[in-house]
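Taking it in order: structure first as structure tokens, then the write-up.
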Amino acid sequence: MSLKRIYNTLFKCYGPQGWWPGETPFEIMVGAVLTQNTAWLNVERAINNLLDADALSPEAILEAQPTQLASWLKPSGYFNVKAKRLKNYCHWYLQNDTYQGLSVWPTEALRSGLLSVNGVGPETADDILLYAFERPVFVIDAYTRRLFKRLGLIEGDEHYEELRQFFESGLRKSNERIKLFNEYHALIVSHAKDFCKTRPVCEQCCLFKLCQQSC
DNA sequence: ACCCAGGGTCATA
DNA sequence: TATGACCATGGG
């Protein structure tokens with residue numbers, strides 16, 4: 001069963017997702033850091049705090065006192081850790097001439113640069129690469145591991161990079177890969193939030209015929 | 001009163 | 001290389 005077929009099934013079920021939820025590339029980057037192991041609703045609250053304080057910019061975040069920044073981030077959890085990580089990211093971002101400067105970097109160099117920031121791991125880096133810089137990178141998260149393990153296509157405990165290669169090479173022939181990867185990851189998240197929380201019967205899952213079990 | 005959420009770092013063996 | 005502790009809020 002092909003990755004493209006699974007995508008088509010999810011797309012037919014949930015429709016276009018239009019990710020990432022954020023107005024600007026920088027807001028997407030902030031959201032990517034804040035959503036680490038955290039429900040998105042709480043991230044929105046933290047981002048709204050930054051907006052209300054007129055602090056959703058790399059300059060304002062760097063200038064803010066650590067305790068002040070942490071208080072804005074409080075709803076998103078891990079607020080002391082994330083305050084530090086956001087400052088780390090903004091320091092790197094400004095040092096490299098922000099979006100204009102970074103947008104001309106080759107994807108692999110950009111990925112290495114993102115990973116050099118303390119607090120940015122592989123998933124956060126790939127969120128930023130795909131959704132802020134629009135590079136053809138497939139994001140692997142816990143939902144992706146769970147779904148494709150249940151579909152029988154992976155073991156689930158592979159290393160991040162191994163899984164990323166699996167998905168990117170499995171969709172190599174597709175055109176519009178950026179748009180495809182964008183929607184695919186968002187659809188996996190939508191499906192995960194849908195099942196099996198809101199629907200009690202797994203036969204109603206759009207992937208049931210492919211899955212033959214709860215996904 | 002639990003459990004989990006669109007992870008990552010650090011110390012330890 | 002590979003575990004475990006730690007970070008912390010809000011919803012179900």
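Nothing here was measured: the structure is a model prediction, and the numbers come from that model. Any value given below was found using the heavy atoms of this structure, including those in side chains, with hydrogens, waters and symmetry copies removed. Throughout, a chain's letter reflects where its sequence line sits, starting with A, and its residues are numbered from 1.
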Distance in angstrom units between [X] [atom1] and [N] [atom2], rounded:
{"X": "A:E162", "N": "C:dT1", "atom1": "CD", "atom2": "P", "result": "14 Å"}
{"X": "A:K84", "N": "B:dT9", "atom1": "NZ", "atom2": "P", "result": "13 Å"}
{"X": "A:E123", "N": "B:dA5", "atom1": "CD", "atom2": "P", "result": "12 Å"}
{"X": "A:N42", "N": "C:dG12", "atom1": "CG", "atom2": "P", "result": "10 Å"}
{"X": "A:K193", "N": "C:dG12", "atom1": "NZ", "atom2": "C1'", "result": "14 Å"}
{"X": "A:D126", "N": "B:dG7", "atom1": "CG", "atom2": "C1'", "result": "13 Å"}
{"X": "A:I128", "N": "B:dG7", "atom1": "CD1", "atom2": "P", "result": "14 Å"}
{"X": "A:E161", "N": "C:dT1", "atom1": "CD", "atom2": "C1'", "result": "17 Å"}

Checking all strands, does [X] fall into the base, sugar-phosphate, or nothing category for heavy-atom contacts under 4.0 angstrom?
{"X": "A:R45", "result": "sugar-phosphate"}
{"X": "A:N80", "result": "sugar-phosphate"}
{"X": "A:S76", "result": "nothing"}
{"X": "A:V120", "result": "sugar-phosphate"}

inquiry  = Could you check whether A:E161 pairs with A:R111 (Lys NZ or Arg NE/NH1/NH2 to Asp/Glu carboxylate O, under 4.0 Å)?
reply    =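 So A:E161 pairs with A:R111 through a salt bridge.
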
Of the candidate nucleotides [options], which contains the atom at the shortest distance from the side chain of [X]?
{"X": "A:R146", "options": "B:dA5, B:dG8, C:dA8", "answer": "B:dA5"}
{"X": "A:Y78", "options": "C:dG11, B:dG7, C:dA8", "answer": "C:dA8"}
{"X": "A:N118", "options": "B:dA5, B:dC10, C:dC7", "answer": "B:dC10"}
{"X": "A:N37", "options": "C:dA8, C:dG10, B:dG8", "answer": "C:dA8"}
{"X": "A:K74", "options": "C:dG11, C:dT9, B:dG8", "answer": "C:dT9"}

task = Please tell me if the side chains of A:N88 and A:V120 come closer than 4.5 Å, counting only heavy atoms from C-beta onward.
result =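 No, too far: nothing below the 4.5 Å cut-off.
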
key: Mutual orientation of the aromatic rings belonging to A:Y89 and A:Y93 [parallel < 30°, tilted 30-60°, perpendicular > 60°]   = parallel

request  = In whole angstrom, give me the gap between the P atoms of C:dA5 and B:dC4.
outcome  = 16 Å

ask   = Can you tell me if the side-chain N/O atoms of A:H159 get under 4.0 Å from OP1 or OP2 in C:dA2?
value =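 Looking at the OP1 and OP2 atoms of C:dA2, one of them is under 4.0 Å from a side-chain N or O of A:H159.
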
message = Under 3.5 Å for both donor-acceptor distances, Watson-Crick or wobble: does C:dG12 have a partner, and if so which one?
response =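 Answer to the pairing question: B:dC2, which forms a Watson-Crick or G-U pair with C:dG12.
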
ask   = Checking ring pair (Phe, Tyr, Trp, His ring centres under 6.0 Å) against A:H185, which of A:W19, A:F167, A:F138 comes through?
value = A:W19

request  = Have a look at A:K82 and tell me which of A:V43, A:L73, A:T35, A:V30 forms a side-chain contact (heavy atoms from CB on, under 4.5 Å) with it.
outcome  = A:L73

